[in-house]
> 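I'd like to ask some things about the structure below.
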Amino acid sequence: MSKVLLTAVAAVGFAGLFGGTLSANASSKVNSYIESHNYKPAKVTKSIWSGFPKYKYRHGVGKPEGVVIHETANPSSTIYNEIAYMKRNYNNAFVHSFVDASHIINIANTNYLSWGVGYPGNARFIQFEQIEVHSKSAFAHEIANAAWYTAYLLKEYNLKPNDAAYDGKGTVWSHGSVAKHLGGSTHTDPVGYYASAGKKYFGQKYTMAAFYKMVKKYYTAMGTTTHTKLTTATYKTVNQQAKLSSTYAKYYLYNHVKGSNKNAAKQKWSKITPKVGKTYYVDMTAKKSTGSTWYRIRPSKNSSKRYWVYSKVLTDVQDVNTSTATATTASADSSADSASATSSSDSSSVATSSSDTSAASTSTSSVSASN
């Protein structure tokens with residue numbers, strides 16, 4: 001996904017993207033109200049909590065098949081109260097994100113499944129909750145945020161909008177549609193909340209069909225993105241040290257191995273206090289399928305900070321303790337400054353918690369380093 005494109009979408013806002021007109025279902029008073037007010041989407045806030053379990057979707061890590069829209073059914077709660085509650089009770093249920101009139105907060109890594117709709121939906125979809133709001137403007141803002149965020153997620157994972165309500169074979173789902181077509185739950189949200197809030201504030205029930213039209217409009221407005229295919233890499237833990245090359249400034253410091261992780265981004269050299277000839281410690285190497293070698297370095301022996309560099313950044317690479325055997329890693333680092341890894345196997349299953357919060361069991365398969 002082009003992060004630049006989606007950032008631009010958020011910055012420019014709805015009006016600029018749609019040329020001043022959204023035209024998403026003229027028969028919907030809520031959609032028409034959103035059009036006329038040219039709302040801008042809330043910025044997506046990444047607040048990933050490391051306590052959530054990480055289990056792959058049925059087709060693998062980073063391969064969801066759609067998005068499920070929920071609502072909390074709690075008229076007196078706030079978005080922060082709901083997030084805090086979910087962290088305390090994630091063994092029963094959790095979703096990836098929360099949306100209200102002013103916020104889009106992502107709390108769980110969308111590359112891994114969540115527990116919100118039971119089996120088999122948990123192993124297929126990204127899921128987010130909407131908080132119940134209590135004014136005409138707030139409801140319209142929330143719908144706009146939720147529809148935009150749904151389109152954003154579809155773009156991120158290279159999925160096309162497809163309403164699942166009719167045949168259970170789409171990418172945009174309500175919790176109710178999942179329950180109807182796939183089972184695992186008896187919940188029908190957000191249908192009831194949409195209908196009651198729409199009737200209360202706009203004199204007309206709001207529907208998932210109208211919501212889906214908003215999603216399609218936002219998706220189309222985001223334009224065509226070019227998805228770069230990630231390369232695989234094989235990782236190995238090591239105990240080495242090396243010196244910074246005099247040519248280091250020609251290259252970049254990264255938080256992940258460049259090209260093998262979609263979240264790889266350049267970092268400032270100042271983070272490691274660069275100095276030619278200075279010794280840095282290497283705790284992992286990565287051999288990309290393209291043939292290049294990368295090193296994960298630490299500024300000091302006991303530093304918790306780790307960054308990835310291309311091999312030409314370093315010189316005089318030596319084992320610190322040759323008697324210490326190295327081992328091939330089989331799983332991706334969970335920290336924000338580490339890369340994903342190849343695995344010979346990833347046998348994982350999620351225990352059932354309740355009739356509509358149990359996660360789908362997953363089969364043994366190989367995890368690609370491109371995850």
Side-chain angles (χ1 to χ4, degrees), residues 13-14 22-45 67-83 85-86 93 95-106 116-117 125-153 161 163-166 170 172-180 185-219 356:
F14 300 160
L22 194 63
S23 298
N25 186 20
S27 63
S28 168
K29 292 182 180 180
V30 176
N31 289 0
S32 296
Y33 186 85
I34 293 170
E35 293 175 33
S36 64
H37 286 75
N38 293 323
Y39 287 149
K40 294 181 180 179
K43 181 180 178 180
V44 178
T45 300
V67 181
V68 176
I69 295 89
H70 294 264
E71 78 76 18
T72 61
N74 187 343
S76 61
S77 188
T78 68
I79 193 168
Y80 296 108
N81 288 342
E82 290 290 344
I83 291 172
Y85 178 85
M86 190 152 284
V95 294
H96 295 99
S97 304
F98 283 84
V99 175
D100 66 8
S102 306
H103 307 88
I104 302 171
I105 304 177
N106 175 212
V117 292
F125 309 123
I126 298 170
Q127 304 181 52
F128 72 85
E129 291 272 5
Q130 293 170 98
I131 309 302
E132 292 198 7
V133 295
H134 305 289
S135 74
K136 182 176 183 177
S137 176
F139 183 64
H141 269 103
E142 180 177 57
I143 291 298
N145 285 340
W148 181 89
Y149 186 51
T150 301
Y152 170 97
L153 291 170
D163 191 353
Y166 303 102
V172 180
W173 297 72
S174 67
H175 192 167
S177 289
V178 174
K180 176 182 177 181
S185 173
T186 58
H187 289 198
T188 60
D189 57 292
V191 175
Y193 170 58
Y194 279 6
S196 61
K199 185 70 173 178
K200 180 177 180 179
Y201 300 120
F202 292 88
Q204 179 190 65
K205 292 181 179 180
Y206 194 62
T207 66
M208 278 300 298
F211 177 84
Y212 175 71
K213 290 186 177 182
M214 294 292 290
V215 173
K216 285 186 66 178
K217 289 296 179 180
Y218 295 157
Y219 183 93
D356 60 358

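Scope of the values below: all heavy atoms of this structure, side chains included, with no hydrogens, waters or symmetry mates.
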> OG1 of T45 to CZ of F98: how many Å apart, nearest 0.5 Å?
14.0 Å
> Between E82 and S77, is a side chain to side chain donor-acceptor pair (under 3.5 Å) present by the stated rule, with each step listed?
CA-CA 7 Å; E82 290 290 344; S77 188; 3.0 Å; yes
> Indicate the atoms forming the closest heavy-atom contact of F202 with A140, along with that distance.
CZ-CB, 4.2 Å
> Just by modelled atom types, is the E142 backbone N or O under 3.5 Å from a matching donor or acceptor in the D100 side chain?
no
> Excluding sequence neighbours, so at least two apart, what forms ring-ring contact (aromatic ring centres under 6.0 Å, His included) with Y193?
F139
> OG1/T72 to CD1/I79 distance, rounded to the nearest 0.5 angstrom?
10.0 Å
> Over 60° means perpendicular and under 30° means parallel, so classify the ring planes of Y152 and Y149, tilted if in between.
parallel
> Measure the CG-CD1 distance between N106 and I126 for me, rounded to the nearest 0.5 Å.
9.0 Å
> Checking S196 side chain against G192 main chain: does a donor-acceptor pair fall under 3.5 Å?
yes
> Just do the side-chain contact (heavy atoms from CB on, under 4.5 Å) check on H175 and S185 with the steps written out, would you?
CA-CA 8 Å; H175 192 167; S185 173; 2.9 Å; yes
> Would you confirm whether E132, through its side chain, and A197, through its main-chain N or O, come within 3.5 Å as a donor-acceptor pair?
no
> Taking atom OH of Y33 and atom CD of Q204, what is their separation to the nearest 0.5 Å?
14.5 Å
> For the residue pair A165 and K180, what are the closest heavy atoms and their distance?
O-NZ, 4.5 Å
> Looking at Y201 and V133, what are the two nearest heavy atoms and their distance?
OH-O, 3.9 Å
> So, taking the atom named CD1 in I69 and the one named CD in E129, what distance separates them when rounded to the nearest 0.5 Å?
11.0 Å
> Do the side chains of F211 and T150 get nearer than 4.5 Å, heavy atoms only?
yes
> If only atom types and distance count, is the side chain of H187 paired as donor or acceptor with the main-chain N or O of V178 below 3.5 Å?
no
> With sequence neighbours excluded, what pairs up with Q130 under the side chain to side chain donor-acceptor pair (under 3.5 Å) test?
Y194
> Pick one: which of V44, V99, V215 meets side-chain contact (heavy atoms from CB on, under 4.5 Å) with W148?
V44
> If you take all heavy atoms of F128 and V67, which pair is closest and at what distance?
CE2-CG1, 3.7 Å
> Roughly how far, to the nearest 0.5 Å, is the OG atom of S28 from the NZ atom of K205?
14.0 Å
> Going by atom types alone, do Y39 and N145 pair a side-chain donor with an acceptor below 3.5 Å?
no
> Are M86 and V95 close enough that some pair of their side-chain heavy atoms sits under 4.5 Å apart?
yes
> Classify the side-chain pair N38/S36 by whether it contains a donor and acceptor separated by less than 3.5 Å.
no
> Whether the side chain of H96 engages the backbone of Q127 through a donor-acceptor N/O pair (distance < 3.5 Å, no angle test) should be reported.
yes
> Quick one: closest heavy-atom pair of K216 and P161, and the distance?
CG-CB, 4.0 Å
> Kindly give the heavy-atom pair with the smallest separation between A42 and S102, and that separation in Å.
CB-O, 3.5 Å
